[in-house]
Chemist: 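Pasting a structure below so you can have a look.
In what follows, every chain begins at residue 1, and chains take the letters A, B, ... in the order their sequences are listed.
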Protein chains: 2
Amino acid sequence: MGGEAKGPDAVPSSSENDLISYAELLFFAYRDFISEPDEILETYGFGRAHHRVLHFVHRTPGLRVAQLLNILKITKQSLARVLKQLIDEGFVTQRAGKMDGRERLLYVTPKGAKLAKELAALQVARIKSALESAGPGTDAGTRRFLFAMISEDEQQHVASLLESSSEPASSDHDPTDQQ
Amino acid sequence: MGGEAKGPDAVPSSSENDLISYAELLFFAYRDFISEPDEILETYGFGRAHHRVLHFVHRTPGLRVAQLLNILKITKQSLARVLKQLIDEGFVTQRAGKMDGRERLLYVTPKGAKLAKELAALQVARIKSALESAGPGTDAGTRRFLFAMISEDEQQHVASLLESSSEPASSDHDPTDQQ
DNA sequence: GAGTTACGTCAGCCATGCTGACATATTTGC
DNA sequence: GCAAATATGTCAGCATGGCTGACGTAACTC
């Protein structure tokens, strides 16, 4: 069981059993990571699905529906349900693209931005505190680990999403066309 | 905003915005982390809930129902549904406790063990590969980070769960059994 | 003008959370 | 020994958020 026999430059080695506990740590960490936002969302009558939509629209103003589907990896119908609620209740707005009128570019309203920030603040606080408690120098490595946990054919998408942060989505195939 | 002013031994500092991308990395990592097992589970007519139950029973033979509820943080009724299926289809068995006959101690059957191992192998492979790709020395730090992401009042429970790995659960009111 | 694309929507199904109430067996305490 | 507490099971019903398939509309492309 303790399959420790590896090449010289392998990871200093977690035994097979330790790696299973990694899976458990991920489970518990994620479970608690979403629990705080969940409580707030409940007071709005929203769920996790709303949070994800609100987050990515907030993060990437002008996001198109198709892009959002790609990010969330859910179906159009699943998205439509929560997106409609967010729009009806004034957290998100749509505007037709100027170049391509079929596109519905998504933006948060001020009200939506406020909620998005409130939720993000909770999670950022937890992450910040976890990084501090994990000790200096943990940041970069953990980031590399999390990124490497993403399926290979998705890593590129995620990388460009992360880079384009706080820039508007290149939604209209025209850099000048925002807002 | 760019709250970089910290004590001298603070984490080398991710900006507020970088910390948000941490949340996204967690989302994507977790999304893909469960996607592979999900596919296999589907062929058995099972879902994630079954996976979690099977995993923790496999990992902690003799687990009691109440302990499982504590780990999963779901209600008895939610658990009952999936547990019943796992029992009915011969993946998990129950035995009454010897000291306390009210307890139903949970064990995986050989069939259950096989499935549990198959699913764990997928996740272990992903973790192993991610650790390698993140570079040597990432392991310990990431582990500390994930642990620190768990809510404080839960960390103790998780810690003792991880330690007791591959030992039978102290199900018969062993003095070391902290609810 | 036909076909494609981006999106919306309707109808309905399934998995997995939830609450509250109640049944049963067993252990514990007086 | 009997009442109360405990561990578990179960019933009925609800909500969220996944899913599929089909179809409609507007706008762009050729």
Chemist: If you measure from the Lys or Arg side-chain nitrogens to the Asp or Glu carboxylate oxygens, is any gap between A:E154 and B:R31 under 4.0 Å?
Modeler: yes
Chemist: Assess whether one donor atom and one acceptor atom, taken from the side chain of B:K84 and the base of D:dG9, lie less than 3.5 Å apart.
Modeler: no
Chemist: Between A:V108 and A:V57, what is the shortest heavy-atom contact and its length?
Modeler: N-CG1, 3.7 Å
Chemist: Considering only NZ, NE, NH1 and NH2 on the basic side and carboxylate oxygens on the acidic side, decide whether B:R59 and A:E24 come within less than 4.0 Å.
Modeler: yes
Chemist: Examine the base of D:dT8 for any acceptor or donor lying under 3.5 Å from a partner atom in the side chain of B:R102, and report the outcome as yes or no.
Modeler: no
Chemist: In whole angstroms, how far is the P atom of D:dC19 from the CD atom of B:E39?
Modeler: 13 Å
Chemist: Is the phosphate of D:dG18, meaning OP1 or OP2, less than 4.0 Å from a side-chain N or O of A:T75?
Modeler: no
Chemist: Counting heavy atoms from C-beta on, name the nucleotide in C:dC7, D:dT8, C:dT27 closest to the side chain of B:R64.
Modeler: D:dT8
Chemist: Please report the distance, rounded to the nearest Å, between CG in B:L105 and C1' in C:dT26.
Modeler: 14 Å
Chemist: Between B:F91 and B:F46 (judged by ring centroids, cut-off 6.0 Å), do the two rings come close enough to count as a pair?
Modeler: yes
Chemist: Could you give the CD-to-P distance, from A:Q77 to C:dC14, as a whole number of Å?
Modeler: 17 Å
Chemist: Pick base, sugar-phosphate or nothing for A:R81, based on heavy-atom distances below 4.0 Å to the nucleic acid.
Modeler: base
Chemist: I need the CD1-P distance between B:I34 and D:dG17, as an integer number of Å.
Modeler: 15 Å
Chemist: Checking contacts here: which listed nucleotide (C:dG17, C:dT19, C:dC7) is nearest the side-chain heavy atoms of B:I74?
Modeler: C:dG17
Chemist: From CZ of A:R48 over to P of C:dG17, roughly how many Å is that when rounded to an integer?
Modeler: 9 Å
Chemist: Looking only at side-chain N and O atoms, does A:H50 come under 4.0 Å of OP1 or OP2 in D:dG17?
Modeler: yes
Chemist: D:dG18, OP1 or OP2 - any side-chain N/O from A:R52 closer than 4.0 Å?
Modeler: yes
Chemist: Does D:dG17 have OP1 or OP2 sitting under 4.0 Å from an N or O in the side chain of A:S78?
Modeler: no
Chemist: Rounded to the nearest Å, what distance is computed from the NZ atom of residue B:K76 to the P atom of nucleotide D:dT6?
Modeler: 13 Å
Chemist: Could you state the atom-to-atom distance from CD of A:E103 to P of D:dC28 in whole Å?
Modeler: 9 Å
Chemist: Taking the nucleotide of DNA chain D with the nearest heavy atom to each, does A:V82 or B:L106 sit closer to the 5' end?
Modeler: B:L106
Chemist: Give the minimum heavy-atom separation between B:A134 and A:R144, together with the two atoms involved.
Modeler: O-NE, 2.8 Å
Chemist: Can you tell me how far P of C:dC18 sits from CG of B:L72, to the nearest Å?
Modeler: 10 Å
Chemist: What is the nucleic acid contact for A:Q94, judged by heavy atoms within less than 4.0 Å: base, sugar-phosphate only, or nothing?
Modeler: sugar-phosphate
Chemist: Considering heavy-atom distances to DNA chain D, does A:R104 or A:F46 have its closest nucleotide positioned more toward the 5' end?
Modeler: A:F46
